[in-house]
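Encoded as structure tokens, the structure appears first; notes follow it.
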2 protein chains.
Amino acid sequence: MKLSGTASVILGMLRIKPMSGYEIKQAVDESTAFFWAASYGQIYPELRRLERAGLVQGEPAPRGARRRNLYTLTAEGHEVLEAWLGEPPAPPELRFEGLLKLFFLRADEREVAQRHLHTMKDQNVAALERLREIEPRARALPDGSQLLVLRAGITALEATEQWLEHAEDRLTKPPPQRKPR
Amino acid sequence: MKLSGTASVILGMLRIKPMSGYEIKQAVDESTAFFWAASYGQIYPELRRLERAGLVQGEPAPRGARRRNLYTLTAEGHEVLEAWLGEPPAPPELRFEGLLKLFFLRADEREVAQRHLHTMKDQNVAALERLREIEPRARALPDGSQLLVLRAGITALEATEQWLEHAEDRLTKPPPQRKPR
DNA sequence: GGTCACATGTAAAGTGTTACATGATTCC
DNA sequence: GGAATCATGTAACACTTTACATGTGACC
């Protein structure tokens with residue numbers, strides 16, 4: 001039983017507690033989104049596939065007249081999830097357009113590079129703020145591993161921040177002409 | 001003119017100098033792969049699309065009896081690439097299965113988590129070694145921005161390394177029972 | 001009455017990986 | 001002769017994003 005990326009987040013989330021598709025999306029957005037995102041377009045179809053495969057079980061749990069399906073892990077779902085959790089993780093993958101542009105920009109396009117660095121800084125600050133906002137909530141959890149993972153994100157973003165500082169210096173000041181006074 | 005991710009790496013590489021599909025792949029593997037990868041399955045079809053669109057021009061340049069197509073940026077290709085280089089970069093995306101597993105593992109599955117941390121460490125060390133191996137070559141380049149980007153990768157991996165160390169401590173030693181001596 | 005959050009879904013298009021297939025050349 | 005590297009490509013599949021469509025409930 002091979003799990004798609006989306007399938008594993010879904011099962012993982014459902015092991016914490018039964019949820020609807022909508023709630024899974026919310027949970028992903030405020031926890032794993034930084035290193036593992038998922039959209040509605042993946043979640044809803046995948047939930048159906050998982051139900052057909054017998055790994056989750058859905059049942060209607062409307063709130064008022066608003067329909068809603070609550071999904072629960074089946075015994076088989078637990079097994080499959082735990083098997084997946086036990087397998088060695090694939091190496092991380094990154095897609096970082098800012099670095100790509102910087103890589104291609106030449107010395108005579110320095111201004112463009114500076115603009116991009118600025119954008120990257122904003123994005124980095126925004127991401128850091130989001131994570132730090134979550135931190136107190138994660139700190140309150142009993143398990144600790146969520147907090148650990150959050151710290152990974154914060155560490156990486158802080159390192160990026162430092163690098164951005166360094167990069168800006170490099171691009172602002174033209175390389176010193178080696179003229180010690 | 002909207003460029004796919006693969007299209008932009010290809011054009012970017014061809015701006016450095018004309019190359020064959022095979023050479024583009026090699027160049028990607030030893031420079032941008034860390035933050036922007038591409039496979040043959042993308043490169044070859046994309047080169048044809050780009051040629052049909054008039055952004056690159058291919059011509060046969062066999063080496064002996066071994067066939068080979070050299071692609072060059074057209075004037076329009078230059079324009080399109082430069083337009084793309086000027087647009088603000090999209091925020092980075094990460095897919096990190098190791099963190100996902102750690103996130104889902106509970107306190108009673110600590111051994112599995114430790115195994116995964118070990119795997120992640122190996123992967124991290126391997127990646128760092130690859131980058132450090134490239135560094136001297138990048139240092140020799142005239143432009144400097146390649147070296148800058150490489151430093152970004154090294155910085156991020158070093159930060160990850162530190163975090164891995166920290167995470168291992170946390171998982172090995174059970175949380176201190178607050179008993180100051 | 002309008003906007004926002006709740007809630008579920010589909011369709012199409014685009015992106016990407018993997019495995020396969022083919023053949024030449026170089027090096028041991 | 002065999003393995004590794006050079007070189008190009010296709011086909012099948014898996015994965016993802018985006019836009020659209022629909023309707024309820026809460027709050028101002």
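So that the names make sense, note that chain A is the first sequence line, chain B the second, and so on, each numbered from 1.
- Using a 4.0 Å heavy-atom criterion, one finds that B:Gln26 contacts the sugar-phosphate atoms exclusively.
- OP1 or OP2 of C:dG16 lies within a sub-4.0 Å distance of a side-chain N or O belonging to B:Thr6.
- Rounded to a whole Å, the CZ atom of A:Arg67 is 13 Å from the P atom of D:dT22.
- Look at OH on A:Tyr44: it is 13 Å from C1' on D:dG23, rounded to the nearest Å.
- At distances below 3.5 Å, not a single donor-acceptor pair connects side-chain atoms of A:Lys101 with backbone N or O atoms of B:Gly86.
- The residue A:Glu93 sits apart from the nucleic acid: no heavy atom pair falls under 4.0 Å.
- Residue-level contact check: B:Gly21 touches the backbone only, with heavy atoms under 4.0 Å from sugar-phosphate atoms and none from bases.
- No salt bridge links A:Glu111 with A:Arg115; every basic N to acidic carboxylate O contact stays at or beyond 4.0 Å.
- Spacing between atom CG of A:Asp29 and atom C1' of C:dA7 amounts to 15 Å, rounded to whole angstrom units.
- Of the candidates C:dT17, D:dG9, D:dA7, the closest approach to any side-chain atom of B:Gln42 belongs to C:dT17.
- Phosphate proximity of C:dC6 to A:Arg68: absent, as no side-chain N or O sits under 4.0 Å from OP1 or OP2.
- Rounded to a whole Å, the OH atom of B:Tyr40 is 20 Å from the P atom of D:dA11.
- With D:dT8, D:dT16, D:dG23 as the choices, the nucleotide that has an atom nearest any side-chain atom of B:Arg95 turns out to be D:dT16.
- Comparing A:Glu46 and A:Gly64 by the nucleotide of DNA chain D that holds the closest heavy atom to each, the one mapping nearer the 5' end is A:Glu46.
- The rotation axes computed at either terminus of the helix from C:dG1-D:dC28 to C:dC28-D:dG1 lie 30° apart, taking five pairs at each end and rounding to 10 degrees.
- At the heavy-atom level, B:Ser4 lies under 4.0 Å from the strands shown only through sugar-phosphate atoms.
- Between A:Asn124 atom CG and A:Glu129 atom CD the span is 10.5 Å, to the nearest 0.5 Å.
- Ion pairing of B:Arg15 with A:Glu109 is present here, as a side-chain N (NZ or NE/NH1/NH2) and a carboxylate O approach within less than 4.0 Å.
- Between D:dT16 and A:Ser39, no contact under 4.0 Å exists linking OP1 or OP2 to a side-chain N or O.
- Distance CZ (A:Arg49) to C1' (C:dT8): 16 Å, rounded to an integer number of Å.
- Protein atom NZ of B:Lys25 is 15 Å distant from nucleotide atom C1' of D:dG9, rounded to whole Å.
- In the set D:dG25, D:dA7, C:dT8, the nucleotide with an atom closest to the side chain of B:Tyr22 is D:dA7.
- Atom CD1 of A:Ile24 and atom C1' of C:dC6 are 15 Å apart (whole Å).
- Taking the nucleotide of DNA chain C with the nearest heavy atom to each of B:Lys2 and A:Leu47, the more 5' of the two is matched to A:Leu47.
- In summary, the side chains of A:Glu158 and A:Thr155 do not present any donor paired with an acceptor at a separation below 3.5 Å, with no hydrogens or angles considered.
- Taking every side-chain heavy atom of A:Pro45 into account, C:dT10 is the closest of D:dT24, C:dT10, D:dT8.
- Contact check on A:Arg110 versus A:Glu168 returns no salt bridge, with no Lys/Arg side-chain nitrogen under 4.0 Å from an Asp/Glu carboxylate oxygen.
- The local environment of NE2 in B:His118 is sparse, with at most 12 non-hydrogen atoms from other residues, nucleotides or ligands closer than 6.0 Å.
- Per the geometry, CZ belonging to B:Arg66 stands 5 Å off P belonging to D:dA7, to the nearest Å.
- The side-chain contact (heavy atoms from CB on, under 4.5 Å) with A:Leu11 is formed by just one residue from the set A:Leu81, A:Thr6, A:Leu85; it is A:Leu81.
- The side chain of B:Arg48 sits closest to D:dG9 out of D:dG23, D:dG9, C:dT10.
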